[in-house]
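Just below is one structure, and these are the notes that go with it.
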There are 2 protein chains.
Amino acid sequence: MATGRTHRPATRSRGIPEATVARLPLYLRALTALSERSVPTVSSEELAAAAGVNSAKLRKDFSYLGSYGTRGVGYDVEYLVYQISRELGLTQDWPVVIVGIGNLGAALANYGGFASRGFRVAALIDADPAMAGKPVAGIPVQHSDQLEKIIEDNGVSIGVIATPAGAAQPVCDRLVAAGITSILNFAPTVLSVPDGVDVRKVDLSIELQILAFHEQRKAGEGAAADAGAVPLAPKASRKGPDGDVPAVMPA
Amino acid sequence: MATGRTHRPATRSRGIPEATVARLPLYLRALTALSERSVPTVSSEELAAAAGVNSAKLRKDFSYLGSYGTRGVGYDVEYLVYQISRELGLTQDWPVVIVGIGNLGAALANYGGFASRGFRVAALIDADPAMAGKPVAGIPVQHSDQLEKIIEDNGVSIGVIATPAGAAQPVCDRLVAAGITSILNFAPTVLSVPDGVDVRKVDLSIELQILAFHEQRKAGEGAAADAGAVPLAPKASRKGPDGDVPAVMPA
DNA sequence: ATGTCTTTGTGAACGCGTGCACAAAGATGG
DNA sequence: CCATCTTTGTGCACGCGTTCACAAAGACAT
Ligand SMILES: NC(=O)c1ccc[n+]([C@@H]2O[C@H](COP(=O)([O-])OP(=O)(O)OC[C@H]3O[C@@H](n4cnc5c(N)ncnc54)[C@H](O)[C@@H]3O)[C@@H](O)[C@H]2O)c1
Ligand SMILES: NC(=O)c1ccc[n+]([C@@H]2O[C@H](COP(=O)([O-])OP(=O)(O)OC[C@H]3O[C@@H](n4cnc5c(N)ncnc54)[C@H](O)[C@@H]3O)[C@@H](O)[C@H]2O)c1
């Protein structure tokens, strides 16, 4: 999960649970595939299978949007595609700026799936003067100096940060000051933003670490290969009478 | 959150809640930064602020690992770094294969943060014969034919999929058959895997759509460009007898 | 030792998310 | 028009995760 909004007490935005919102794109993808195959209707069971979720959950999710199904038949694919698209705000165009055109930023700029659903790369921005003017994915990179102007001129409200970690917060601050209210952050940093600004993060490193955790478990508890000594002896390891440090469970 | 394991009823692995596991890398990152600044101890309050979480939550998280703090003082930074690293399985080396060396795959291969925490790129694999032998990030790309052999020879258990969506499931199947038990999937597809295999996904498109949803809300309910009715249909917004707005998706 | 002050560790309450199970809606066929 | 059959929409219960609030643990000064 590379995800995470900035703290907000689960602001059930307008009655639609956050968990549901996160699944809508999943349903939409499955529905789009069905639509391309000209399938007219789907049952919650079929669609749920395609999206990899529980069918009851799917039905409940849709119930938050309204009752768009027909009992005994299922859901009208085209109609549902439209409803979900509208709910997600995909019926309008969202200009996006990408800041930090390095390895990752360039890959993102080249990513086709970006534009495929209403997200248009309005500009590529980098602090490196050498990059300025150089085209990436057919779009000339612009210098950071232009950041505020670009955002204002294009009415951009979504920004993607793909700069090194150290530059992320400053860049974020500038984006927010320039009017950006939604940020997708790829840098391994906790961004702090004012209320009203949404931040989601994608963190490869965290994902791998979570996988490693489960992998370690699967590998069997006792197979601990590390005999490595503790880097620093716990200074409080002598915990008086009750003596404790839970035996650092090696098993 | 661009994340999501394959369905498993929240298998509280060994007493540690999944939500806690997902935060451990966050704490570890903050702690590592403190360690580099030679800070000896931190209070839950300080560390929580650095990690962007609630301090009570942090303390409870740590309590699952054991009681490593000292009341009145806080936590020993070095010791905690070690404990969390061990818990996450980062005291050992995890060889990783990346399959699909295109825009994204190449960026991942070039990503420094990859190796920085025990994850070693064991091999880059692509189906394109033209790519074979070509070095990316200093590592020669190998052809898919070698996939099984590579995994076996290197004892790889973690695989990263960065192929086009259509190739993801077949590639996944081969990885699993070859012995991979943890997969990080960047392709926009729902992968189906046997029990015992963990899948986490990173989906840029979903993240953007979630941001768009909130952005639309922020933009003011009425200011939307779509001719649609009220953004929120309380529920009775039934589809008319003649309704069925065909309205093909504009994207 | 004793008292004070800081900070942990956790009991308890609460809210969200999930999934079961079923009544009701509606299609379909006779 | 009625019976039957399919599938939705949702009430309900349960468990996970979050947060508050506080007792107790321990450091530190006297
Ligand atoms: N490459 C990956 O696969 C990958 C994966 C996960 C996370 N990340 C993270 O994404 C970020 C970018 O990674 P990368 O591999 O593309 O790094 P990179 O060094 O290749 O690119 C960074 C780019 O940001 C630009 N930049 C630096 N400071 C800037 C500023 N203040 N304003 C605008 N641009 C600035 C640099 O000129 C450079 O072009 C890093 O934080 C990295 O940790 C990368
Ligand atoms: N580029 C991005 O920023 C980005 C962002 C999010 C998601 N994605 C997803 O990541 C995936 C890769 O994106 P990309 O932009 O790198 O695409 P790409 O076309 O540049 O690269 C895909 C690579 O996979 C290889 N490939 C195809 N079939 C294969 C197979 N069966 N086995 C091994 N390799 C195979 C191709 O030869 C190619 O090198 C896509 O599914 C895309 O939707 C990309």
Side-chain angles (χ1 to χ4, degrees), chain A residues 1 4-5 7-13 15-24 27 40-49 51-77 79-80 234-246, chain B residues 1 4-5 7-13 15-24 27 40-49 51-76 79-80 233-239 241:
Chain A
M1 121 186 55
R5 293 190 341 301
H7 33 62
R8 185 195 328 186
T11 305
R12 175 170 295 209
S13 294
I16 300 183
E18 191 60 27
T20 295
V21 173
R23 279 188 295 268
L24 291 181
Y27 301 144
T41 61
V42 267
S43 67
S44 63
E45 205 68 51
E46 294 168 323
L47 186 54
V53 303
N54 179 291
S55 69
K57 192 189 297 184
L58 178 144
R59 288 197 297 276
K60 187 155 291 186
D61 283 342
F62 287 171
S63 79
Y64 290 116
L65 309 185
S67 297
Y68 296 143
T70 304
R71 296 175 191 227
V73 175
Y75 298 90
D76 181 287
V77 173
Y79 187 63
L80 202 45
K235 76 172 197 169
S237 67
R238 299 293 162 262
K239 295 213 174 170
D242 68 334
D244 259 5
V245 181
Chain B
M1 153 175 12
R5 295 192 335 304
H7 32 60
R8 185 195 329 186
T11 305
R12 174 172 296 210
S13 296
I16 300 182
E18 191 59 28
T20 294
V21 172
R23 279 188 295 269
L24 291 182
Y27 301 145
T41 61
V42 266
S43 67
S44 62
E45 204 69 52
E46 294 167 324
L47 186 54
V53 305
N54 179 291
S55 69
K57 192 190 296 185
L58 178 144
R59 288 196 298 276
K60 186 152 289 189
D61 283 342
F62 287 172
S63 78
Y64 291 116
L65 310 185
S67 297
Y68 298 143
T70 304
R71 296 174 190 225
V73 176
Y75 298 88
D76 182 287
Y79 187 61
L80 204 43
K235 155 182 203 163
S237 99
R238 45 177 290 277
K239 85 175 166 181

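Owing to the predicted nature of the structure, the values given are computational and were not obtained by experimental measurement. Below, read A as the first sequence line, B as the second, and so on, with proteins coming before strands; counting in each chain starts at 1.
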| B/F62 CZ - C/dT7 C1' separation (whole Å) | 14 Å
| Given side chains that start at C-beta, do those of B/E46 and B/Y75 come closer than 4.5 Å, heavy atoms only? | no
| note | Ranking C/dG9, D/dT18, C/dA27 by distance to the side chain of B/A19, first place goes to D/dT18
| Could you give the OH-to-P distance, from A/Y64 to D/dT8, as a whole number of Å? | 17 Å
| said: Can you tell me which nucleotide in C/dT18, C/dG17, C/dG9 comes closest to the side chain of A/R23? | reply: C/dT18
| message | What's the closest nucleotide to the side chain of B/N54 if the choices are D/dC20, D/dA21, D/dT10? | response | D/dC20
| query | Ignoring hydrogens and angles, are the base of D/dT19 and the side chain of B/K60 linked by a donor-acceptor pair under 3.5 Å? | reply | yes
| message | Taking the side chain as everything from C-beta on, heavy atoms only, tell me whether A/L24 gets closer than 4.5 Å to A/L65. | response | yes
| request: Please step through side chain to side chain contact (heavy atoms under 4.5 Å, CB included) for the pair B/T70 and B/D76, ending with a clear verdict. | output: CA-CA 8 Å; B/T70 304; B/D76 182 287; over 6 Å; no
| Integer-rounded Å distance: C/dG17 P and A/R59 CZ | 19 Å
| A/P17 side chain: which of C/dG9, D/dT8, C/dG17 is closest? | C/dG17
| Expressed in angstrom and rounded to an integer, what is the separation of A/L58 atom CG from C/dG17 atom P? | 16 Å
| said: What is the separation between atom CG on B/D76 and atom P on C/dT8, rounded to the nearest whole Å? | reply: 13 Å
| note | Closest of C/dA27, D/dT7, D/dA27 to the B/V73 side chain is D/dA27
| note | Taken to the nearest whole Å, CG/A/D61 to P/C/dT18 is 8 Å
| query | Should A/S44 be listed as having a side-chain N or O under 4.0 Å from OP1 or OP2 of D/dT8? | reply | yes
| query | Among D/dT19, D/dT10, C/dC20, which is the nearest nucleotide to the side chain of B/A56? | reply | D/dT19
| said: Does C/dG9 have its OP1 or OP2 closer than 4.0 Å to a side-chain nitrogen or oxygen of B/Y75? | reply: yes
| Length of the line joining A/K57:NZ and C/dG17:P, which is rounded to integer Å | 11 Å
| task | Provide, to the nearest angstrom, the distance between the CG atom belonging to A/L47 and the C1' atom belonging to D/dT8. | result | 13 Å
| message | Taking the ring of B/F62 and the ring of B/Y68, is the distance between their centroids below 6.0 Å? | response | no
| query | Is B/R71 side chain donor-acceptor paired with the C/dT7 base, going by distance under 3.5 Å alone? | reply | no
| request: Locate the shortest heavy-atom distance separating B/Y27 from B/A51; write the atom from each residue and the value. | output: CD2-CB, 3.8 Å
| Candidate nucleotides C/dT7, C/dA27, C/dT10, ranked by approach to the side chain of A/T70 - the nearest | C/dA27
